[in-house]
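For reference, the structure is listed below as structure tokens.
Owing to the predicted nature of the structure, the values given are computational and were not obtained by experimental measurement. Below, each value reflects all heavy atoms present in this structure, side chains not excepted, and no hydrogens, waters or symmetry copies.
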Amino acid sequence: VVGGDARLTARGREQARALAGRAFDVCFTSPALRARETAALALEGTDVRQTVLPELADIGFGEFTGKPLPEYRAWIAAHDPAEAPPGGESRVGTLRRFCRAYRMLLERPEPHLLVVAHGLTLSALTDDPPQPSVAGVPYGSTLELTRAELEVAAARLERWCEAPAW
């Protein structure tokens, strides 16, 4: 099912607790409940502050929210990446929003940031070029990047957004 704001499952809570004990200076999360829960569990027992960064929110699925994921995937594959589903957000719009978030993160002075977001937020940094498929990043995945790696990935994604194509 596409979209929604479900709580973490027992497995999700276990995965979040596996992040505990790592040294983070600051934490940024998507507004999603499961992202905020993940951060709270990962940071339990620390004084690291959690900040919601709206730019990290999941894509707006519009009329596909609550529907089977294959329906949304078929729509994405058949439409230009700059086109948004009714009531939703285009992939280009989403990726531009993520780029704004990445740029905000790059401006931070702290050396160790924990960012808790969504699979598309991760795949946007690793896929070259971005792919039409929304899924593919397993739940609970982590990605560690240096500041230089994030800079390169954000710049590549910004270039793609200037002339998007699947």
Side-chain angles (χ1 to χ4, degrees), residues 1-62 64-66 81 84 87-128 130-131 134-162:
V1 174
V2 175
D5 196 14
R7 298 186 68 89
L8 286 175
T9 63
R11 173 81 175 120
R13 288 188 296 277
E14 179 183 310
Q15 291 169 323
R17 286 186 184 103
L19 293 170
R22 299 179 61 183
F24 298 111
D25 300 306
V26 66
C27 173
F28 295 93
T29 73
S30 157
L33 176 60
R34 63 190 179 278
R36 292 179 286 122
E37 283 183 308
T38 298
L41 290 167
L43 299 171
E44 204 166 61
T46 73
D47 60 353
V48 175
R49 200 174 101 237
Q50 199 183 129
T51 302
V52 172
L53 191 59
E55 289 81 2
L56 293 172
D58 205 359
I59 189 168
F61 294 103
F64 290 96
T65 300
E89 184 178 26
S90 74
R91 285 296 290 276
V92 173
T94 302
L95 296 178
R96 284 185 177 137
R97 176 169 49 79
F98 289 169
C99 285
R100 289 192 303 275
Y102 304 147
R103 292 293 172 197
M104 286 183 234
L105 296 171
L106 285 164
E107 291 174 6
R108 298 296 304 195
E110 301 89 354
H112 301 103
L113 283 64
L114 172 62
V115 178
V116 184
H118 306 276
L120 184 57
T121 317
L122 295 180
S123 66
L125 293 169
T126 59
D127 290 349
D128 187 14
Q131 301 298 307
V134 176
V137 177
Y139 291 123
S141 293
T142 61
L143 177 65
E144 291 186 37
L145 296 175
T146 65
R147 191 173 297 273
E149 289 168 330
L150 180 57
E151 172 63 45
V152 167
R156 176 187 41 75
L157 193 55
E158 288 164 338
R159 282 191 305 275
W160 180 84
C161 286
E162 290 173 9

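- The CZ atom of Arg17 sits 6.5 Å away from atom CD of Glu44, with the distance rounded to the nearest 0.5 Å.
- Taking each heavy atom of His118 and Leu56 in turn, the nearest pair found is CD2-O, 3.4 Å.
- Taking both residues in full, the closest heavy atoms of Arg36 and Pro31 are given as NE-O, 2.8 Å, listed atom of the first, atom of the second, then distance.
- Thr9 has its side chain out of reach of Tyr139: every pair of non-hydrogen atoms, C-beta onward, lies at least 4.5 Å apart.
- Within the 4.5 Å cutoff, no side-chain heavy atoms of Glu149 are placed close to those of Leu125.
- Here the closest heavy-atom approach between residue Ala42 and residue Leu19 is recorded as CB-CB, 3.7 Å.
- Scanning all heavy atoms of the two residues, the minimum distance from Ala124 to Phe98 falls at CB-CD1, 4.2 Å.
- The distance from the NE2 atom of His112 to the SG atom of Cys27 is 14.5 Å, given to the nearest 0.5 Å.
- For the pair Arg147 (side chain) and Leu106 (backbone), a donor-acceptor distance under 3.5 Å is present.
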Is there a side chain to side chain contact (heavy atoms under 4.5 Å, CB included) between Arg7 and Arg13? Walk through the geometry before answering. CA-CA 9 Å; Arg7 298 186 68 89; Arg13 288 188 296 277; 5.8 Å; no
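- Checking Asp25, Leu105, Val48 one by one against Glu110, the side chain to side chain contact (heavy atoms under 4.5 Å, CB included) holds for a single residue, Asp25.
- Between the side chain of Glu55 and the backbone N or O of Ala101 there is no donor-acceptor pair closer than 3.5 Å.
- Between Thr65 atom OG1 and Ile59 atom CD1 the span is 10.0 Å, to the nearest 0.5 Å.
- Classification of Arg11 and Glu14 as a salt-bridged pair holds, one side-chain N sitting under 4.0 Å from a carboxylate O.
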Full working for side chain to side chain contact (heavy atoms under 4.5 Å, CB included) between Leu120 and Arg91: CA-CA 10 Å; Leu120 184 57; Arg91 285 296 290 276; 3.2 Å; yes
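- Gln50 CD to Thr29 OG1: the interatomic distance, rounded to the nearest 0.5 Å, is 5.0 Å.
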Kindly indicate, with the supporting measurements, whether the criterion side chain to side chain contact (heavy atoms under 4.5 Å, CB included) is fulfilled by Leu41 and Leu8. CA-CA 11 Å; Leu41 290 167; Leu8 286 175; 4.0 Å; yes
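- With a 4.5 Å cut-off on side-chain heavy atoms, Phe24 and Thr46 do not count as touching.
- For the pair Arg34 (side chain) and Asp5 (backbone), a donor-acceptor distance under 3.5 Å is absent.
- How far CD of Glu151 is from CZ of Arg103: 4.0 Å, rounded to the nearest 0.5 Å.
- The shortest side-chain heavy-atom distance between Met104 and Phe28 does not fall under the 4.5 Å cut-off.
- Here the CZ atom belonging to Arg97 is positioned 7.5 Å from the OG1 atom belonging to Thr121, to the nearest 0.5 angstrom.
- Between Ala84 and Ser90 the shortest heavy-atom distance is CB-N, 3.4 Å.
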